[in-house]
Amino acid sequence: MKKPLGADLVIPALALGFALYFFVSIADLAWEAKANGVIIGSILVLLIAAQVFRIALQMAKRKADLGFSPLWEPRDALGKRVGMVLITIAFIATLNWLGLTLGLLLALLAALWIMGARGKTLAIVPFAVALAAYLLFVVLLHSDIPHGPIERLLS
């Protein structure tokens, strides 16, 4: 029986879309931010290529096909998966209004909640990641990321 690997292409396909968006969105940034963006985006594209190559190799050996059954199973995890996709879409759609810091904080909070995190993890991780993103992209790199209420308040 061939192993269904089509589902293993979903995240790389989404990541490729993100990388393309990333390359387009850094066009107006300072050259330092562009350089960092090109490096990060290029690494992401290389990782995607490695995953596609791995799957193509398995298919060439006739050990795998492009079946998507692992994406739908187990059924009890399907709601969480759909929730994560919806959170990602909401994060991207509201990024220009909420800004990176608040958008990332809320998206991580919702994602961790869906994945079952509670207590200190739910309180600390989203705050720490949003703070780190703010310090890196706004304070250190002075990047032209979307500024929302947090960035405007702190600037």
Side-chain angles (χ1 to χ4, degrees), residues 1-29 32-134 136-137 141 143-146 148:
M1 180 174 200
K2 293 181 180 180
K3 185 174 180 181
L5 294 180
D8 290 359
L9 291 173
V10 171
I11 291 178
L14 293 172
L16 183 60
F18 177 74
L20 295 174
Y21 164 77
F22 194 64
F23 286 135
V24 170
S25 68
I26 63 172
D28 297 330
L29 299 180
E32 298 95 343
K34 278 186 200 177
N36 286 327
V38 168
I39 290 169
I40 293 167
S42 298
I43 291 170
L44 182 57
V45 171
L46 286 173
L47 291 171
I48 293 165
Q51 178 72 340
V52 170
F53 178 75
R54 180 189 72 82
I55 291 171
L57 192 61
Q58 292 296 312
M59 289 179 59
K61 293 179 180 177
R62 301 199 184 273
K63 293 182 180 180
D65 61 27
L66 289 178
F68 282 87
S69 60
L71 191 61
W72 316 120
E73 298 169 2
R75 292 280 185 199
D76 58 331
L78 190 56
K80 290 180 180 182
R81 291 177 182 157
V82 170
M84 295 298 286
V85 169
L86 293 175
I87 289 168
T88 303
I89 292 169
F91 171 72
I92 293 168
T94 62
L95 189 59
N96 285 329
W97 300 295
L98 296 176
L100 178 69
T101 309
L102 183 58
L104 192 56
L105 176 79
L106 294 174
L108 280 173
L109 185 68
L112 288 171
W113 177 269
I114 284 177
M115 289 188 284
R118 301 293 184 270
K120 290 180 183 179
T121 301
L122 193 59
I124 294 171
V125 172
F127 179 78
V129 171
L131 177 63
Y134 174 81
L136 176 65
F137 292 108
L141 294 176
S143 67
D144 193 24
I145 60 162

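When the shell of 6.0 Å around NZ of K3 is examined, it contains 12 or fewer heavy atoms from other residues, nucleotides or ligands. For I11, the CD1 atom is loosely surrounded, since the number of other residues' heavy atoms within 6.0 Å does not exceed 12.
L66 places a side-chain heavy atom less than 4.5 Å from the side chain of I55. Proximity of T88 to I92: side-chain heavy atoms (C-beta onward) are separated by under 4.5 Å at one or more points. K61 is listed as a side-chain neighbour of L57, based on a closest heavy-atom distance under 4.5 Å.
Residue L5 comes nearest to A64 through the heavy atom pair CD1-CB, 3.4 Å, listed as atom of the first residue, atom of the second, then distance. Smallest separation of non-hydrogen atoms from M115 and K80: O-NZ, 4.2 Å. Closest approach of P12 to Q51, counting heavy atoms only: CG-CG, 3.7 Å. Nearest heavy-atom pair across L104 and A130 is CD2-CA, 4.2 Å. Nearest approach of R81 to P70, heavy atoms of both residues: NH1-O, 3.3 Å. For the pair A19 and L44, the tightest heavy-atom approach, listed with the atom from each and the gap, is CB-CD2, 3.9 Å.
Between F22 and F18, the ring planes are parallel. Angles under 30° get that label, and only those over 60° would be called perpendicular.
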inquiry  = Set out, in order, the CA-CA distance, both residues' side-chain angles and the distance that settles side chain to side chain contact (heavy atoms under 4.5 Å, CB included) for L47 and I43, then state yes or no.
reply    = CA-CA 6 Å; L47 291 171; I43 291 170; 4.2 Å; yes
task = Please test I89 against V85 for side chain to side chain contact (heavy atoms under 4.5 Å, CB included), starting from the C-alpha separation and ending with a verdict.
result = CA-CA 6 Å; I89 292 169; V85 169; 3.9 Å; yes
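With rounding to the nearest 0.5 Å, the separation of CG in N36 from OG in S143 is 10.0 Å. For the atom pair CD1 (I145) and CG (N96), the distance works out to 11.0 Å, reported to the nearest 0.5 Å. Going from atom CG of L108 over to atom CZ of F91 covers 8.0 Å, rounded to the nearest 0.5 Å. Between the CG atom in L106 and the OG1 atom in T101 there is a gap of 11.0 Å [rounded to 0.5 Å]. The CD1 atom of I124 sits 12.5 Å away from atom CG of L131, with the distance rounded to the nearest 0.5 Å. K34 contributes atom NZ, which lies 13.0 Å from atom CZ of F23 (distance to the nearest 0.5 angstrom).
The list of side-chain hydrogen bond (donor to acceptor under 3.5 Å, both in side chains) pairs with a residue in residues 111-134, not counting sequence neighbours, is empty.
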